[in-house]
Every structure is written in structure tokens, then in C-alpha cells.
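Please read the structure below before turning to the comments.
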There are 2 protein chains.
Amino acid sequence: MYATDFRMTHQRRLILEELKKVKTHPTADEIYVIVRKTMPRISLGTVYRNLEILSAMGLIIKIEGFGNQRRFDGNTNKHYHIRCIKCGKIDDLPEDAITNIEVDHNKIKGYSIYNHEIQLSGICEQCHNAK
Amino acid sequence: MYATDFRMTHQRRLILEELKKVKTHPTADEIYVIVRKTMPRISLGTVYRNLEILSAMGLIIKIEGFGNQRRFDGNTNKHYHIRCIKCGKIDDLPEDAITNIEVDHNKIKGYSIYNHEIQLSGICEQCHNAK
DNA sequence: GTCGTTGCAAAGATTTTGCAGCGGC
DNA sequence: GCCGCTGCAAAATCTTTGCAACGAC
């Protein structure tokens, strides 16, 4: 699938840096637009490949499950997301918004659990006001 | 987007019935394969349109966020899912597997919350044994 | 009879991939 | 210098849509 040793190319570093800079949760195409300002000849395929590799390396987070388009998050601290069902915007939840969750591994027979994701959905302030 | 009155066509009813029958969480394409056994001339576009409408009607659940492909669930009771990261299979979690979750709406500024989803990931028994 | 729905096929959207040359280490 | 990586372009995958005929109510 991937190589076992990775090289930090200019393209890879730029994608990583730009993703760490923004507070949004951009799609591959949005990242493509951003990095082309610095590196106009970069290809969309390279962006896709590097996002995949960076998330496999644990340097960024791949967000699937909000609409059809994959999104990426430069913040690798464990946190949850909320999505506006009108405009599709994704925001981070404050750390203390969800508490007390308990996952009983014994109740889930046959699986070894690796991770859990929580995704809220609602309507954001702008969309509420625009209504 | 959709019409305001819906007609229960043969195609729509069949898709709904087959989805209620299975315990899996099929993709549109898998449902297409199933319903063609009964209705060979049904088109994939019809399957997509009806799955969209049925989920808008609340008769089925649309599952996004596990891999790239949309899946559907005939079980409309509130429940969570777990996905095997090796084979992609999705199972329902037992009701009591996740407890005590508290969402503090006041901590989430600007949003009115409509829903929350929880998705676990892990390795299923078959994949664990196959290793 | 009205108008929502269908099958078909083409288009759209997103993501992946083959390849030859390039460039990190 | 090796071998992972890139740009390019084509292909693959998944989903949506225009249209004329059809069928539910």
C-alpha cells in the first residue's frame, strides 16, 4: 500500500503546514487551491496521495462521514466535530461539551475496539440567522 | 428537492421491504443487486432516488462516514454502529454498549443541536482470526 | 387527468492510478 | 544511486440528472 519509509518532500511539507495553519476542515480540493498559491504546479493527485499518507502517519486526521466529501483536520488532538446541516460547515467541539461517555468493551462481542468518533449535527448561527 | 406527496410505487416498496429484511448495512449497489432478483428491469438510478427519499421520509437510515460509500439501514431505532477497519463490515452495537453520554448544549455555542452519531471502529472476529 | 416516478443513458463529482522522469536521503 | 515521489492524464468509482413514457391516486 504505502512505502515503509517516507520522505519529507516540499509538496508534503507544504500540505502539512497549510493544514496546520487553518482552523477549518478543508476538502482535498480546497487544500489544492491553497497550496497552489505557493506551488502552482502541484497536482491534485499529489495532494490526494499526501493527505492519505499524512493521515496514515498520524500527522493529520481524515474525516469521513459528513456528507460525501472527505475532509482533513490538522489538529490531531482527540476532539469531536459538529456539522451544520444547512451549509455543511464543520466546527470543533469544545473538549468539555461531551462528557461521561462509557464504552463497555465486553458488551461488544467479537470486536477489538480501536477508536470511536462522535459527530453532532445541527444548525449554525449564520444559517439560523439567515433563515 | 423532493415532491411533497409521495407515492408508494412497486419499486419503492420493494426497496424498503428488502432493506427491512436484511441485518446488514448494504450500499446502494448491493440493494440494486438484491431487488433485481424480484424486479430485473429496475434501474440503479431508481434505487438511489428511492433510498434518498425513504431516508428523508424517516423510513430508513442513511449511514455516511464509514469509508467512501454510503450505506443504508432498515432499522430506524436509535442505535450506533461499529465498523471493521480490515473488511469494512458494519455491525449494530448493543443498546447498552455505550452509556452515560452527556452532551452539554450550552457548551456548544452558536449551534442548535439536532442529532448525534457515534461510530466505533475495530477489528472483527473473522479478520482477527484470519490474521 | 395530474403529476410524481421510472428506465435509460449520459453527465457530474470525487478519488485513484500508470508511467516516465525527478529528487530526497 | 536507490527507490519513493511528482506531474500529468486517463481511468475508476460512486452518485446525480435530463427526458420521454408510465402509473399511482
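A note on names: the letters A, B, ... follow the listed sequences, proteins ahead of strands, and every chain is numbered from 1.
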Please give, in whole Å, the distance from [N] [atom2] to [X] [atom1]?
X: B:Met39; N: C:dT6; atom1: CE; atom2: C1'; value: 10 Å
X: A:Glu52; N: D:dG4; atom1: CD; atom2: P; value: 18 Å
X: A:Leu51; N: C:dT15; atom1: CG; atom2: P; value: 10 Å
X: B:Asp29; N: D:dT15; atom1: CG; atom2: C1'; value: 11 Å
X: A:Leu44; N: D:dT6; atom1: CG; atom2: C1'; value: 13 Å

TODO: Measure the spacing between CG of A:Asn50 and CE of A:Met8 and express it to the nearest 0.5 Å.
DONE: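 Going from the CG atom of A:Asn50 to the CE atom of A:Met8 covers 8.5 Å.
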
Open item on the list: Quick check for you: to the nearest 0.5 Å, what is the distance between A:Cys124 atom SG and B:Lys109 atom NZ?
Closed with: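 Output value for this atom pair is 13.0 Å.
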
Could you pull out every donor-acceptor pair under 3.5 Å between side chains of residues 13-21 of chain B and any protein atom, sequence neighbours left out?
residue: B:Glu18; atom: OE2; partner: B:Lys21; partner atom: NZ; Å: 3.4
residue: B:Lys20; atom: NZ; partner: B:Leu59; partner atom: O; Å: 2.9
residue: B:Lys20; atom: NZ; partner: B:Gly74; partner atom: O; Å: 2.8

Open item on the list: Starting the side chain at C-beta, find the nucleotide from C:dC8, D:dT6, C:dT16 nearest to B:Ser43.
Closed with: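 Of all the options, the side chain of B:Ser43 is nearest to C:dC8.
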
- [ ] Report, as a single string ordered 5' to 3', how protein heavy atoms within less than 4.0 Å touch nucleotides 17-25 of chain D: B base, S sugar-phosphate only, - not at all.
- [x] BB----BBS

In a table with atom names and distances, give each donor-acceptor pair under 3.5 Å that connects a side chain of residues 87-96 of chain B to protein atoms at least two apart or in another chain.
residue: B:Lys89; atom: NZ; partner: B:Gln126; partner atom: OE1; Å: 3.4
residue: B:Asp91; atom: OD2; partner: A:Tyr111; partner atom: OH; Å: 3.0
residue: B:Asp92; atom: OD1; partner: B:His25; partner atom: NE2; Å: 2.8
residue: B:Asp92; atom: OD1; partner: B:His79; partner atom: NE2; Å: 3.2
residue: B:Asp92; atom: OD1; partner: B:His81; partner atom: NE2; Å: 3.3

Task: Donor-acceptor pair, side chain of B:Glu52 and main chain of B:Arg49, under 3.5 angstrom - done: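 No; judged by distance alone, with no hydrogens or angles, the pair does not exist.
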
